[in-house]
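Nothing fancy with the numbering, it's 1 onward along the sequence. These figures come from a predicted structure and were not determined experimentally.
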Amino acid sequence: MAAAAKTVKSVESGMLRDGCGRVHDYLRIAVTDRCNLRCLYCMPSGVKCAAPAETLLTDDEIVRISRLFARLGVVKIRLTGGEPLLRPGISGLAARLAAVSGIHTVAVTTNGLRLAEKVRALRDAGVRGINVSLDSLRPERFRRIAGHDGLARVLDGIAAALDCGIQPLKINMVVMGGLNDDELLDFVELTRNSPACVRFIEFMPFPGNPWCDAQVVPHAAMRKAIESRHPLETVSGTVRGRVAKEFRVPGFRGSLGFITPMTDHFCGGCSRLRLTADGSLKTCLFHAPEFSLRDAMRGGADDGDLADMVQSALKGKPRAHAEGAVLVAGGGRSMFQIGG
């Protein structure tokens with residue numbers, strides 16, 4: 001036990017720093033691989049979801065890992081999926097994580113279908129930020145992209161979150177050329193009278209999704225389309241690890257962000273680690289190697305052993321991800337299995 005305690009302390013003193021000198025203080029935890037939508041870029045048709053319950057991390061295991069990462073310098077946790085609001089007791093789990101010493105922020109990323117009914121409980125549990133995935137404001141197109149109806153429920157969820165005072169409230173749109181890129185100005189309008197931040201995300205390749213280079217709309221092209229109607233001003237202030245290039249339309253309450261992994265990657269400032277629903281640590285969304293903290297815990301590993309695993313994983317984190325065509329051929333898991 002003394003050796004284990006010494007190991008944890010030594011990692012603490014250097015924080016979670018990889019071989020490129022990047023400090024990691026943000027952990028994204030997938031709490032389920034299940035989803036009540038089947039978005040074409042996230043969960044390809046024919047791919048099985050809903051892993052056996054015994055393979056997923058329990059609440060106690062998630063809390064234990066979160067306490068360890070907090071001791072190692074993590075200050076922010078985001079709960080993802082699949083769809084995290086499908087996990088039974090999600091508000092109770094969020095409350096336990098919000099109570100972990102050293103964790104300053106607990107946030108959630110959701111597709112919004114269950115948000116209206118759960119947002120007050122999430123807020124009361126200590127959730128301080130919610131991201132909602134929404135790729136079209138047109139019902140028929142929403143169905144085509146998401147595989148199901150539900151646009152009205154998502155919009156109700158966004159309204160309920162704003163009514164509850166959730167801040168920040170971010171709306172994430174994956175922009176796909178020839179499919180929904182003609183809605184950019186409609187999404188900008190969401191920020192006219194609302195404090196929400198709408199973020200436009202370049203289409204990313206994952207195994208089985210219909211990605212192709214021609215469908216990637218570069219953020220420069222998005223900006224040009226928006227600036228044909230509205231001037232944009234830069235949102236001042238920088239936050240370490242922030243991935244979005246942020247702007248606002250003068251006079252609008254909300255803001256806009258551009259997330260540019262394909263045309264202007266932000267790997268040099270990456271501060272994120274990811275934990276899959278079945279307990280594997282990933283140091284990069286696109287980097288295939290995984291490290292099973294679940295198996296280590298269930299095999300009797302103490303926190304010192306787990307800290308060593310985390311530090312070993314960080315040493316192998318790449319300086320930057322590969323180009324899109326290489327990523328398509330590289331294998332790995334689909335987005336819903338990783339947690340985004």
Side-chain angles (χ1 to χ4, degrees), residues 12 15-17 22-32 57 59 61-85 87 89-112 115 118-133 157-158 160-172 195-199 201 235-246 254-255 257 259 266 269-277 281-283 285 310 314 338-340:
E12 281 181 319
M15 304 181 71
L16 288 172
R17 192 180 300 271
R22 295 170 293 198
V23 174
H24 297 72
D25 59 4
Y26 181 5
L27 179 64
R28 300 172 67 98
I29 302 175
V31 297
T32 180
L57 293 177
D59 284 9
E61 288 171 332
I62 290 173
V63 172
R64 178 185 172 188
I65 289 174
S66 299
R67 286 173 176 157
L68 171 66
F69 273 92
R71 294 200 300 273
L72 300 178
V74 164
V75 297
K76 179 176 180 179
I77 289 174
R78 179 173 295 278
L79 303 180
T80 69
E83 171 47 46
L85 303 192
R87 183 176 175 116
I90 186 64
S91 297
L93 175 59
R96 293 179 68 184
L97 298 178
V100 171
S101 177
I103 298 300
H104 301 162
T105 303
V106 174
V108 171
T109 292
T110 173
N111 62 31
L115 185 55
K118 293 184 177 288
V119 67
R120 290 188 181 277
L122 291 171
R123 181 201 61 188
D124 294 346
V127 170
R128 293 295 175 259
I130 292 179
N131 290 7
V132 180
S133 299
I158 290 171
L162 290 170
D163 286 345
C164 278
I166 293 290
Q167 283 293 322
L169 189 286
K170 299 176 182 177
I171 300 169
N172 292 338
C197 175
V198 170
R199 306 197 302 176
I201 304 173
V235 174
S236 61
T238 59
V239 176
R240 190 185 67 79
R242 178 176 289 171
V243 301
K245 300 169 174 63
E246 295 191 15
S255 60
I259 300 179
F266 34 82
C270 183
S271 62
R272 292 157 174 73
L273 295 168
R274 290 174 169 82
L275 189 67
T276 66
L281 178 69
K282 288 183 69 71
T283 60
L285 185 60
V310 172
L314 271 175
I338 300 172

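- In plain terms, the two heavy atoms of Val235 and Ser255 that are nearest each other are CG2-CB, 4.4 Å.
- Note that NZ of Lys76 and CD1 of Ile103 are 11.5 Å apart. Values are rounded to the nearest 0.5 Å.
- Closest heavy-atom contact between Arg87 and Val31: NH1-O, 2.8 Å.
- Remark: Ile77 CD1 to Asp25 CG distance equals 11.5 Å, nearest 0.5 Å.
- Once rounded to the nearest 0.5 Å, the distance linking CG of Leu273 with CG of Leu285 reads 12.5 Å.
- Side-chain contact between Thr109 and Arg28 is present, with at least one heavy-atom pair separated by less than 4.5 Å.
- Using a 3.5 Å distance cut-off with no hydrogens or angles, the side chains of Thr32 and Glu83 do not pair a donor with an acceptor.
- At least one donor-acceptor pair under 3.5 Å links the side chain of Arg128 to the backbone N or O of Arg123.
- The minimum heavy-atom distance linking Ser91 with Ala125 is given by the pair O-CB, 3.3 Å.
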Please table the atom pairs, donor to acceptor, closer than 3.5 Å between any side-chain atom in residues 163-171 and protein atoms at least two apart or in another chain.
none

request  = Quick one: do Asn111 and Val132 satisfy side-chain contact (heavy atoms from CB on, under 4.5 Å)? Show the steps, please.
outcome  = CA-CA 5 Å; Asn111 62 31; Val132 180; over 6 Å; no
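- With rounding to the nearest 0.5 Å, the separation of CZ in Arg22 from OG1 in Thr283 is 8.5 Å.
- Panel note: side chain Arg78, backbone Val108; a donor-acceptor pair is recorded below 3.5 Å.
- For the atom pair SG of Cys197 and CG of Asn172, the computed distance is 8.5 Å after rounding to the nearest 0.5 Å.
- For the residue pair Ala70 and Val100, the shortest heavy atom distance occurs at CB-CG1, 3.9 Å.
- Scanning for side chain to side chain contact (heavy atoms under 4.5 Å, CB included) contacts around Val63 gives Arg67, Leu93, Arg96, Leu97, with sequence neighbours left out.
- Here the side chain of His24 pairs a donor or acceptor atom with the backbone of Leu16 at under 3.5 angstrom.
- No side-chain heavy atom of Phe69 sits under 4.5 Å from any side-chain heavy atom of Ile29.
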query = Going through the distances and angles, do Asn131 and Arg199 end up as a side-chain contact (heavy atoms from CB on, under 4.5 Å)?
reply = CA-CA 10 Å; Asn131 290 7; Arg199 306 197 302 176; 3.1 Å; yes
Worked check of side-chain contact (heavy atoms from CB on, under 4.5 Å) between Leu85 and Leu122 = CA-CA 10 Å; Leu85 303 192; Leu122 291 171; 3.8 Å; yes
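- Annotation: side chain of Thr105 is not in contact with side chain of Val75 (no heavy-atom distance under 4.5 Å).
- Here the straight-line distance linking atom CG of Leu281 with atom CD1 of Ile65 works out to 8.5 Å at 0.5 Å rounding.
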